[in-house]
Amino acid sequence: MKSLLKYLKNYKKETILAPLFKMLEAGFDLLVPLVVASIIDQGIKRGDSTHILKMGGVLILLAVVGLAVALTAQFFAAKAAAGFGTELRHDLFKHIQSLSYAQLDRQGTSTLITRMTTDVNQVQAQVNMSIRLLLRSPFIVFGAMIMAFMVDVKAAMVFVVAIPALSVIVYGIMILTIPMYKKVQKGLDQIMMSTRDNLAGVRVIRAFNKQDAEKNRYAEENYFLYKIQMLAGRISTLMNPATYVIVNAAVIWILWIGGERVDTGALSQGQVVALVNYMSQILVELIKLAALIINIIKALACASRIEEVFQLEPGMVEGTIQEPESNTEYIVEMEHASIAYNESGEESLSDVNLKVRPGEMIGIIGGTGSGKSTLVQLISRFYDVTSGSVKIHGVNVKDYTYEALRKMISIVPQKALLFKGTIRSNMEWGKKGASDDEIIDALKISQSYEFVMEKENTVDAVVEQNGKNFSGGQRQRLTIARAVVAKPDILILDDSSSALDYVTDLKLRQALRNLKNMTTFVVSQRTASIMDADHIVVLDDGQVMGIGTHEELLKNCETYQEIYASQNKNEEGR
């Protein structure tokens, strides 16, 4: 938590003024019992209605001023907490963006989202509460005891006994329940994860008729959470009766001692009432403080999870070269390139050697898990090689800035993802401020022109979240258009035409062929999609089984022959 407190450095004034105003409010609260005592002793006892009205006015004034002070404290605390949360989210998001794909894969998307939202919100709320209440409650407790001694030393000795007894009960229960609340938090995380998985995978669950199994699993997780919450709740409920027993016993003791001292004239009736009020204030504040500390413990758990993300050092270091070399013979060179996603695990891609000239089309084919996507992700430096090298324009990709790489390379991933907005706004992800002519050209190349023109607003047609108002094939073509509009040196299509029919796929490849200044990598599981490529790389279990043209591989590569034969056999059997 200490490392996160730096986000309050721009709000030092607010973090100082908020507790000061809150303690000022507490000071007014401590004066109330004395004013009430004065009303009883000076007003009611003597029948002085003027004094009663005067002191009643003082009570109203204390309430109004106290409210104003409390609102001021809340304003400063809220400003500091909101600023804290804003800066924390900004830095956390920025840090997550700096992590490598491998680190993001290990952490998991859902975990990072939870830490960006739920955990940050919990910490922000607790910062607000702590600024306002962490000093106020102890101030009231000790202030009430001091005021009690100012009223009467002998009667105030009851406070000396009662406060430690109350503290033992309150914090004893707190110590018992804190580990349980941590388990509750873990249980809630598990419930949230199960809920998210079930909602996201509802079609798959129903397709395999696993509704009952998922209901039973969810019920077991929910029952575990229920038991922990009930146990923590039962222990927590002991706090009120136990503390009220002590407080009531202390009140009776105060009344006993106070009654005797009133008889002797050492105390007045109003002073006895003041002592009782101070005891009640102490009880309320101890319970508040205990609840605050429990919430702080929960926030500390959230803070530790946030700090775990910050402690992740970026797995890849950005280079410094911003402009590529010109007039190089090869645009892409891979020399003995290998990668293992887990450093201690097996290599997902081994000893790849590949040289590509500008303007060539390279097909990449292989079975599921053969390393096709991994190979093109090394070119775009989504992952770093564990051995060997990958060069673009003769320069190692590790030496380029990320911005320079993204200008040279456009990649269309396997999952076609469109952002909520319009077709134009999605195209501008490829090139900011792209003109209508540039967008139209990209739409024609990607075979999207016809269905876009049929829309009411054409390129300004609305795109819903995830592009759900378009079919799978339309989404794929629009993502290809988004990549093409950037006019990159290298275009990577990572199995991004799988939803297209053969005719549309053929037209797309022919259009890409006409882009002479663009080098294209086409990842596919269909030989028909890559058979006209300049070179085809055949992969199997991370190994390069052959590189050549379609005709050469049919003669020399057994793996390619098997893929081609199986697909042609399937075609003939249809």
**OP:** Please test E428 against R424 for salt bridge (Lys or Arg N to Asp or Glu O under 4.0 Å), starting from the C-alpha separation and ending with a verdict.
**Re:** CA-CA 6 Å; E428 288 182 343; R424 183 189 300 277; 5.3 Å; no
Original post:
Passes side chain to side chain donor-acceptor pair (under 3.5 Å), E87 versus N10? Steps please.
Top reply: CA-CA 10 Å; E87 293 189 14; N10 293 327; 3.1 Å; yes
Side chains of [X] and [Y]: does their closest heavy-atom pair fall under 4.5 Å?
X: V123; Y: Q126; result: no
X: V272; Y: R261; result: no
X: R482; Y: L418; result: yes
X: V161; Y: W253; result: yes
X: M427; Y: T422; result: no
X: V485; Y: W429; result: no
X: M408; Y: L405; result: yes
X: L135; Y: M23; result: yes

Original post:
Would I246 and I169 satisfy side-chain contact (heavy atoms from CB on, under 4.5 Å), going step by step from the backbone distance to the final call?
Top reply: CA-CA 10 Å; I246 291 179; I169 290 174; 2.9 Å; yes
Looking at [X] and [Y], what are the two nearest heavy atoms and their distance?
X: V35; Y: M55; answer: CG1-O, 3.6 Å
X: A77; Y: I131; answer: CB-CG2, 3.9 Å
X: I411; Y: S380; answer: CD1-OG, 4.2 Å
X: I44; Y: I52; answer: N-CD1, 3.9 Å
X: F21; Y: A73; answer: CB-CB, 3.7 Å
X: L30; Y: L34; answer: O-CG, 4.4 Å

Subject >> From CA spacing to verdict: side chain to side chain donor-acceptor pair (under 3.5 Å), Y218, N198 >> reply: CA-CA 10 Å; Y218 188 84; N198 273 270; over 6 Å; no
Could you state the interatomic distance from [atom1] ([X]) to [atom2] ([Y]), rounded to the nearest 0.5 Å?
X: D119; Y: I306; atom1: CG; atom2: CD1; result: 5.0 Å
X: Q465; Y: L417; atom1: CD; atom2: CG; result: 9.5 Å
X: S194; Y: E220; atom1: OG; atom2: CD; result: 10.5 Å
X: Y223; Y: L225; atom1: OH; atom2: CG; result: 12.0 Å
X: T50; Y: Q42; atom1: OG1; atom2: CD; result: 13.0 Å
X: T117; Y: L112; atom1: OG1; atom2: CG; result: 10.5 Å

Subject >> Candidate pair W256 and V158, rule side-chain contact (heavy atoms from CB on, under 4.5 Å), full reasoning >> reply: CA-CA 11 Å; W256 181 276; V158 177; over 6 Å; no
Examine distances only and state if a side-chain atom of [X] and a backbone atom of [Y] form a donor-acceptor pair shorter than 3.5 Å.
X: T15; Y: K12; result: yes
X: Y278; Y: G143; result: no
X: D41; Y: G270; result: yes
X: R475; Y: F470; result: yes
X: N469; Y: E464; result: yes
X: S98; Y: H95; result: yes
X: N466; Y: K468; result: no

**OP:** Verify side chain to side chain donor-acceptor pair (under 3.5 Å) between R89 and N121, making sure each step is shown before the conclusion.
**Re:** CA-CA 10 Å; R89 285 189 194 89; N121 289 341; 2.5 Å; yes
Please check if atom [atom1] in [X] has more than 12 non-hydrogen atoms from other residues, nucleotides or ligands closer than 6.0 Å.
X: Q211; atom1: CD; answer: yes
X: F419; atom1: CZ; answer: yes
X: F93; atom1: CZ; answer: no
X: Y402; atom1: OH; answer: yes

State plainly whether the residues [X] and [Y] are in salt-bridge range, i.e. N to O under 4.0 Å.
X: E25; Y: K22; value: yes
X: D29; Y: R136; value: yes
X: R305; Y: E308; value: no

**OP:** For E214 and R217, run salt bridge (Lys or Arg N to Asp or Glu O under 4.0 Å): C-alpha distance rounded to whole Å, both residues' side-chain angles, the deciding distance at 0.1 Å, then the answer.
**Re:** CA-CA 5 Å; E214 288 301 307; R217 183 170 69 88; 2.7 Å; yes
Subject >> Full working for side-chain contact (heavy atoms from CB on, under 4.5 Å) between V397 and I379 >> reply: CA-CA 7 Å; V397 292; I379 297 172; 5.9 Å; no
Original post:
Knowing that exactly one of N277, I163, I140 qualifies, which makes a side-chain contact (heavy atoms from CB on, under 4.5 Å) with I282?
Top reply: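 Only one of N277, I163, I140 forms a side-chain contact (heavy atoms from CB on, under 4.5 Å) with I282, namely I163.
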**OP:** For N128 and Q74, run side-chain contact (heavy atoms from CB on, under 4.5 Å): C-alpha distance rounded to whole Å, both residues' side-chain angles, the deciding distance at 0.1 Å, then the answer.
**Re:** CA-CA 8 Å; N128 190 336; Q74 177 60 60; 3.6 Å; yes
